[in-house]
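Every chain is numbered from 1 and lettered A, B, ... according to where its sequence line falls, protein lines coming before strand lines.
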Amino acid sequence: MSAFSEKVYAVVKEIPRGEVLTYKQVAILVGNPRASRAVGNILNKNYHSSIPCHRVIRSDGKFGGYNRGEESKIKLLRQEGYVI
DNA sequence: CATTTGACGCCAA
DNA sequence: TTTGGCGCCAAAT
């Protein structure tokens, strides 16, 4: 595991229920404001059940993708009470 | 080691 | 406002 991915996992894991962070925000929190793309890449290839990667969405307000399907991601967020 | 890929983001038309 | 193109970074090929 690279330090970068470790930080990404740590940050995502700390997202409280009902809250969401954008890829950009995560990138900033890990120290690389421009690595928004890399963040998505890491979450995509390393999906662990321990990490609520469904709490990470695009800065545009779109939901982005999800390894279990975007529908599942949206469903989860709605269940957690996330509303636009 | 060099190139491509991808759950992104911002700016210019 | 919506679309297209460019930039940026880490991992996979």
Side-chain angles (χ1 to χ4, degrees):
Chain A
M1 303 289 260
S2 309
F4 184 75
S5 52
E6 291 277 345
K7 290 177 188 172
V8 172
Y9 295 138
V11 171
V12 176
K13 235 182 295 183
E14 293 306 311
I15 304 176
R17 180 184 174 284
E19 294 254 345
V20 294
L21 284 183
T22 65
Y23 294 97
K24 186 183 177 185
Q25 288 295 330
V26 175
I28 293 171
L29 290 172
V30 300
N32 296 349
R34 302 171 179 168
S36 55
R37 210 166 182 168
V39 171
N41 214 330
I42 290 168
L43 293 178
N44 179 25
K45 286 164 181 164
N46 300 286
Y47 59 95
H48 300 259
S49 42
S50 318
I51 301 169
C53 42
H54 61 272
R55 307 256 174 88
V56 187
I57 63 175
R58 291 182 54 124
S59 43
D60 303 75
K62 300 183 188 302
F63 292 93
Y66 194 52
N67 33 36
R68 276 114 174 145
E70 293 100 286
E71 294 296 329
S72 306
K73 180 175 181 179
I74 297 170
K75 243 182 172 181
L76 285 166
L77 290 178
R78 293 189 72 182
Q79 280 183 356
E80 295 182 352
Y82 173 72
V83 282
I84 311 175

**Asked** Does Arg58(A) place a side-chain N or O at less than 4.0 Å from the phosphate oxygens OP1/OP2 of dG9(B)?
**Response** yes

**Asked** Which whole-number value in Å describes the distance from Tyr9(A) OH to dA11(C) C1'?
**Response** 10 Å

**Asked** Is there side-chain contact between Ile42(A) and Phe4(A), with at least one heavy-atom pair below 4.5 Å?
**Response** yes

**Request:** Just call it for Tyr23(A): base, sugar-phosphate, or nothing, with non-hydrogen atoms closer than 4.0 Å on any strand.
**Result:** base

**Asked** Think Ser2(A) has a side-chain N or O under 4.0 angstrom from the OP1 or OP2 of dA10(C)?
**Response** no

**Prompt:** In whole Å, what is the span from the NZ atom of Lys45(A) to the P atom of dT4(B)?
**Reply:** 15 Å

**Asked** Can you find a pair of side-chain heavy atoms, one from Lys24(A) and one from Arg58(A), that are under 4.5 Å apart?
**Response** no

**Asked** CG of Asn41(A) versus P of dG9(B): gap in Å, rounded?
**Response** 13 Å

**Asked** When the distance from CD1 of Ile28(A) to C1' of dG9(B) is rounded to whole Å, what number comes out?
**Response** 11 Å

**Message:** Heavy atoms only, 4.0 Å cut-off, all strands: where does Ala38(A) land among base, sugar-phosphate and nothing?
**Reply:** base

**Message:** Can you tell me the base-pairing partner of dT1(C)? Count Watson-Crick or G-U wobble geometry only, both distances below 3.5 Å, and say none if there is no partner.
**Reply:** none

**Prompt:** What is the base-pairing partner of dA12(C), counting Watson-Crick and G-U wobble geometry with both distances under 3.5 Å?
**Reply:** dT3(B)

**Request:** Would you check if Leu21(A) and Val12(A) make a side-chain contact, meaning some heavy-atom pair closer than 4.5 Å?
**Result:** no

**Item:** Watson-Crick/G-U partner (both atom distances under 3.5 Å) of dC6(C)
**Value:** dG9(B)

**Message:** Whether the side chain of Tyr66(A) and the base of dA7(B) hold a donor-acceptor pair under 3.5 Å is what I'd like checked.
**Reply:** no

**Asked** Any idea which of dA11(C), dA7(B), dA10(C) is nearest the Phe4(A) side chain?
**Response** dA10(C)

**Request:** Taking the side chain as every heavy atom from C-beta outward, state whether Ile15(A) and Val20(A) have any atom pair closer than 4.5 Å.
**Result:** no

**Request:** Specify the separation, in whole Å, of atom CG of Asn46(A) and atom P of dA7(B).
**Result:** 14 Å

**Request:** May I ask you to verify whether the side chain of Arg37(A) and the base of dC8(C) hold a donor-acceptor pair under 3.5 Å?
**Result:** yes

**Message:** Expressed as a whole number of angstroms, how long is the span from Lys7(A):NZ to dA10(C):C1'?
**Reply:** 13 Å

**Message:** So, OP1 or OP2 of dA10(C): does either fall under 4.0 Å of a side-chain N or O from Asn32(A)?
**Reply:** yes

**Asked** Could you state the CZ-P distance from Arg34(A) to dC8(C), rounded to the nearest angstrom?
**Response** 7 Å

**Request:** Check the distance between dG6(B)'s P and Leu43(A)'s CG and give it to me in whole angstrom.
**Result:** 16 Å

**Prompt:** Across the strands shown, which category fits Asp60(A) at heavy-atom distances under 4.0 angstrom: base, sugar-phosphate, nothing?
**Reply:** sugar-phosphate

**Asked** Between Ser36(A) and Met1(A), who's closer to the 5' end of DNA chain C by nearest nucleotide?
**Response** Ser36(A)

**Tyr9(A)-Asn46(A) side chain donor-acceptor pair, cut-off 3.5 Å** = yes

**Message:** As a test of understanding, state which of Lys75(A), Arg55(A), Glu19(A) forms a side-chain contact (heavy atoms from CB on, under 4.5 Å) with Glu80(A).
**Reply:** Arg55(A)

